[in-house]
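See below for the structure under consideration.
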Amino acid sequence: MWLTQRIVDMNMRRSWRATQTLHPDVVVFLGDMMDGGRFAMSDPEYESYYNRFKDIFFMKKDIPVFYIPGNHDIGLGNSGAFSSNAYDRYQKHFGPLNQNVEIANHSFVMVNAPGLVDEDNDRAMKGVSYARWAAAMPGGPIEFVYSTGGHAGHSETPTILLTHIPLARPEGSDCGPLREKWTIHQGVGFGYQNTLSDEASEFVLQALKPSAIFSGDDHDYCGYWHTLPGSNGRTVKEVSVKSFSMAMGVKVPGFQLLSLFPASYSGKESFQDIPCFLPNQNRIYLSIYVPLVFFSLLSLLVSNFHRVKALDNSQTYWNSSGTDAMESWAEGRAYLDAGAWRATTPTSIDEQVPLRKVSEAPNEDEDDEAYSLPVPGSSARRAFARSRTCSKSWSFILWGRRRHMTLDSSCLSSVLSPFFYQDGRNPMDYRRSRAGFFRGVFRDVFDVAWPALVLFVLLAWWTFL
């Protein structure tokens, strides 16, 4: 749980940094800032929860930020698990429940949708009209919508409606090609309601007559056109914005970018919006990271299997012929140490010939190779040097002519060994070559994994800055 939370937080933090490169003038959160903000908890625990949100969505420059409440922030319906201080805590940390803000010649009406659902259920049970309920319950979401729509200057500027819960639509309505799966179904459950009721949706549309609607809660993208009541068939598009988190059941998280045009703009629409999609992090993990880890482990297992097999074969050879070889080597060494003489083997006393030192010059008709030996170990050293050499060649075209460049240098271990080891040899090379299968695999995994882990920690640390 802790690791999953850290991964999700780091992903949202990186995504948030990417969105800041767009240099937004205003940021609006469509609710559910705190997944468990509605539940009963102590004040220090809530503060820790809130600070975690602020750390993820940190903005270096001072730009206006607005929030609308979601059902996970303040709750929806009656439950003993919900905190009685949820509304007060929300207003203290995020601001008013309902807001009407003028931004770039547009009126942004931000509605407390969970509160609207609760009030609408109470109103429907009592059989009271919206007008009478607004007069009897001032300060509530119904009264806010009713009074905002009836404001004298409301129709002079385009209205952008922001609500956490989407408006009602027929069951099975198409959400467009940008949705990942299914559609928004009508439904009610513990602490949630998928859409506003048909009656509440008609009330909001008739009172506000919005030019555009943006909602959240569903986590996936959905575009739907509503017909405004009493407007001769005029329609308005509602966009349910994707979740910003990779852990909300969508493969591709995202956000919505809204551009507002000045009042002098003579076009048909005074705004434009477009969905912005973030990387499919789960796909990156499953299609890149997991295969790389699998093939890395497989290659280490295969290489250690062949190493151990070769080691066993060499031990078997020395166990079977090592004694005879050592005796032959000892006899030859003693013979050379006695004077390094060369002699022919006589068959009788009369056929004996005098001994001749190897260093004496032979006659021209004698075989030179019979009187000389190669420099001990010279060919072995040359072969070893070739095996320890790294060579890399490149071919490219420069100024109309093909160029060749070859880099030929000692392997990195050979270059660095004299700086770290007294005799220029790494004592761990011998130990590694003699290690068993499992110990060799463990050492190789450690050698391969620690640079990647260090890089991951550094990137994570940079992300948290």
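In this chain, numbering begins with 1 at the start of the sequence shown. In this text the structure is predicted, and so the values were computed from the model without any measurement.
The backbone N or O of Asp273 sits nowhere less than 3.5 Å from a side-chain atom of Gln256 that would complete a donor-acceptor pair. Remark: the backbone N or O of Ser83 is not paired with any side-chain donor or acceptor of Arg89 at under 3.5 angstrom. For Lys209 (side chain) and Leu228 (main-chain N/O), no donor-acceptor pair under 3.5 Å exists by modelled atom type. Without hydrogens or angle criteria, Ser240 side chain to Asp218 main chain gives no donor-acceptor distance under 3.5 Å. Asn98 contributes no side-chain N or O that, together with a main-chain N or O of Val111, makes up a donor-acceptor pair within less than 3.5 Å.
The six-membered or imidazole ring of Phe82 lies near that of Phe190, with a centre-to-centre distance under 6.0 Å.
Between His226 and Tyr224, the ring planes are perpendicular. Angles over 60° get that label, and only those under 30° would be called parallel. The aromatic rings of Tyr67 and Phe29 lie parallel to each other, with less than 30° between the two planes, well short of the 60° mark.
Between Arg52 and Asp9 there is a salt bridge, since at least one side-chain N of the basic residue sits less than 4.0 Å from a carboxylate O of the acidic one.
Within 6.0 Å of the CD1 atom in Ile274, the count of heavy atoms belonging to other residues, nucleotides or ligands does not exceed 12. Counted within 6.0 Å of CG on Asp122, heavy atoms from surrounding residues, nucleotides or ligands total more than 12; the atom is thus considered enclosed.
Listed by chain and number, the residues in a side chain to side chain donor-acceptor pair (under 3.5 Å) with Asp217 are His164 (sequence neighbours excluded).
Paired with Asp73 under the rule side-chain contact (heavy atoms from CB on, under 4.5 Å), one option of Asp32, Leu97, Asn112 passes, and it is Asp32.
The stretch residues 117-143 participates, sequence neighbours left out, in these ring-ring contact (aromatic ring centres under 6.0 Å, His included) pairs: Tyr130-Phe203. Sorted pairs that involve residues 283-300 and meet side chain to side chain donor-acceptor pair (under 3.5 Å), not counting sequence neighbours, are lacking altogether.
For the pair Pro158 and Asn105, the tightest heavy-atom approach, listed with the atom from each and the gap, is CD-O, 3.5 Å. Between Ser245 and Val250, the closest heavy-atom pair is O-CG2, 4.2 Å.
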